[in-house]
Amino acid sequence: MSILRRIMGAELSVTLALVSGCGGNVNLGDKSSPAPGTVADGGAANVAEVPNAAHSEPVAKLAESFSIGTLAVAGEYLYFGGLDSKQAAALYRCNKNDCDPTRERLPNVSGFVSSLQTFGQRLGVANLERGVYWLGSYALPDATDKQIALGDLPPSSSYAPLFHGGFVYFSVDLEYGAYRCALPDCSNTPKRIGSTRSLSFVNFRAAGELVFWTDGQFIYRAGAYGDEPPRTLVADATLSEAPPQSMTSEMPTSDGVVSLATDDVWLYAAVTHSETGKACDSFCPHRVERWPLAGGSREILIDTEEMIRKVFVFDGELAWLGPSLRDPQNLDAARLSTCRVEACAATTRNLGEVRPDLNALVADDTDLYWLEAEPAVSQGLQSNWVMDRQIRRAQRLPPP
Amino acid sequence: MLNGHEISIFFGALVALGCGGNAVDLGHGENRGWADAPAAGSSATAPQTIYQSEEAIVGFALDDDTLYALVTHGETFELVSCRLERCRSERTILFSGSWLDQPSPLSTPLVLSGGWLYWIVGNGGRDGIAACPTTGCGQPSLVPTLVRGGVTGDGEGGAYWFDREGALMRIAANSPAAERVRDCAGEIGEPSSGVARGDYLYFSDVSSVRRIRKDGTRAPELLATDDMIFGLGLAADAVYYASQVLTGRIVQCPVDGCTTGGRTLAANQRWPEGVQINGTEAFWLNNQRFSQAPTNATLSHATLRSCALPDCAAVNDRVSDLLLDGVIRYENAGPKFAVSSRAIVWLEQFHGIGTSLRRLTR
């Protein structure tokens, strides 16, 4: 694998210079799982040459400086945050098949909704309202019945709650803690379900009764919706428990964890892979790996020199954020790609440019929806960073 | 959120307002300056304003019913003392003159130790520990040092602190120079709170509580580890600290350590900080909720709580809805409240840039 990946890396370094972001070495990931550290599929899709238009279509145009980076889909509607003409934050919805003409502001929602997630028949939010942060939800489809699960939260730059199993899971970026609150009202007493070693990489994901989060080095897994004490895991071949001494020191030989995703069977992670035995940074090779939730060996799905920022999964369709196609060296932009996990190399497609911190990638039964970004223009000059300018969609990849 | 530089700009733009002028205590009214206690008949158990002005009190200390305060007037300041009930009519100016550094500090501990007052000078000019006797001084002395944290009195007129290199430093009363007691680089984190008692100096950073012998003959001992520790109090046989944010705790730990875990005296305290012990009662602040000022600064609406030691069976709200300036606790900031056997005194935010000093009779 290493040799193969290095070859691909060498190719890639040339390709990158020609503004052709290669998807790297992509694993088929079929049911005959490859041994840890190997790649079953030697092929790599040259996804850079595939035009976006072949895969996706615009759903709505967004004015410059409108979007606040949130998107959700439920039933016939798309929900998204935006700034109105007075630069006040608002929540909008539209019919997903006729978005622009049907766009409407939801009058029951005020405040800056910085996170959107559908669960059941409700829309989970993190909301900064009159200077106060709260986590809670509204009833769909009209965003009525505001329920505050937990209010008066400390100021934080990144509330990214996960609503799952009758709870909301969240962290406060001022504290090395992971919390859970019972819906709908929490009785104002959150439960601290674990801790982290970093303030910036808490990425809650869940599957059934299992709850996962990461601090960039370890993966934490708590059973029984967080009632069980979390296990601290290392992103190695079997997702083994971290040795106790590693909890108080650096683990230079372990892979760093960039992002997590889950489905009913697997835990997925984008990792930075250390081959040198030294601490890894974002310039290490990146991988997308997965482990069976029930325990078992790792499968390496993608192994690439490219930086992978985030990973998502939608019923067997893997999505990830790689370097921008327009400017691969630009860390303020990213490329959205997807593939079928079972045949990733053969099915990899690029879906376009997005913000590197994209959370707004959602799916219904037939389509993926996301916020596509374009280079921002500042005082007549094009800048490195990009801003959301469209809602786009693409049909989900069918199973092979 | 406002940062220190932003606030200092506000200070720089201030137009000097009259201090010590009309002073009628009307709670949170708009009268500015110092106030005497209201006439007899008013409730002694209701909070009373001692001082409020856009010209901030940047540090204060309490000794029984005597208040010591550093009051900024832009480029100059006053160090004053007064009985809590007579701060308008019987206030003593211990020193009045220019700040040793420019501009004014935002906040500093004002440490009372055996007849001496110490405060941190470290805002871009000459850095050090300033000292003035409680009887007043023609000019505060300044011992050059870069303070990392943990400033505390030794009870005998001197003071301890950790400098930026991590050395434990000590100054004796009326001394022109500081003594380097021990090089603790690599042995400590970023100490904030410090309390001296007996042979030891106890101190905490955001994740640990430690103690070190005052004579520096041994390396610091780790007493406790925790998450988001803000503030340290000390009784005869135990240290008390606040930790964690959303489900905060007040923790008791024996003075010789609790590395396997301290005893939680009070749970589910929202962002607790600043534990102080007076007699058999523990006091702390909860940052209960937040709001946004017209300046977009974040304000904390805090509650001052207490419980009786040793069991802390019932937690009492002593003062509710204290308005504090956000959730940023500046490096080497002074405490927000002080407790004596006679009174509880606390600092609140006033019009975004000033302070209101208030009290409650115990």
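In the text below, chain A, chain B and the rest are named by the order of the sequence lines, each starting its count at 1. Model, not experiment: these values are computed from the prediction.
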Is any side-chain heavy atom of A:Asp152 less than 4.5 Å from a side-chain heavy atom of B:Phe290?
-> no

Just how far is it from atom CG of A:Leu153 to atom CZ of B:Arg270, taken to the nearest 0.5 Å?
-> 5.5 Å

Which donor-acceptor pairs under 3.5 Å do the side chains of residues 219-230 of chain B make with protein atoms, sequence neighbours left out?
from: B:Glu221; atom 1: OE2; to: B:Arg211; atom 2: NE; distance (Å): 3.3
from: B:Asp226; atom 1: OD1; to: B:Ser243; atom 2: OG; distance (Å): 3.3
from: B:Asp226; atom 1: OD2; to: B:Tyr241; atom 2: OH; distance (Å): 3.0
from: B:Asp226; atom 1: OD2; to: B:Ser243; atom 2: OG; distance (Å): 3.1
from: B:Asp226; atom 1: OD2; to: B:Arg249; atom 2: NH2; distance (Å): 2.4
from: B:Asp227; atom 1: OD2; to: A:Tyr176; atom 2: N; distance (Å): 3.3
from: B:Asp227; atom 1: OD2; to: A:Arg192; atom 2: NH2; distance (Å): 2.9

Determine whether more than 12 heavy atoms belonging to other residues, nucleotides or ligands lie under 6.0 Å from atom CZ of A:Arg231.
-> no

Would you mind reporting whether A:Pro154 and B:Asn287 have side-chain heavy atoms less than 4.5 Å apart?
-> no

Is there a side-chain contact between A:Val172 and B:Leu246, using heavy atoms and a 4.5 Å cut-off?
-> yes

B:Ser291 meets the side chain to side chain donor-acceptor pair (under 3.5 Å) criterion, sequence neighbours left out, with B:His301

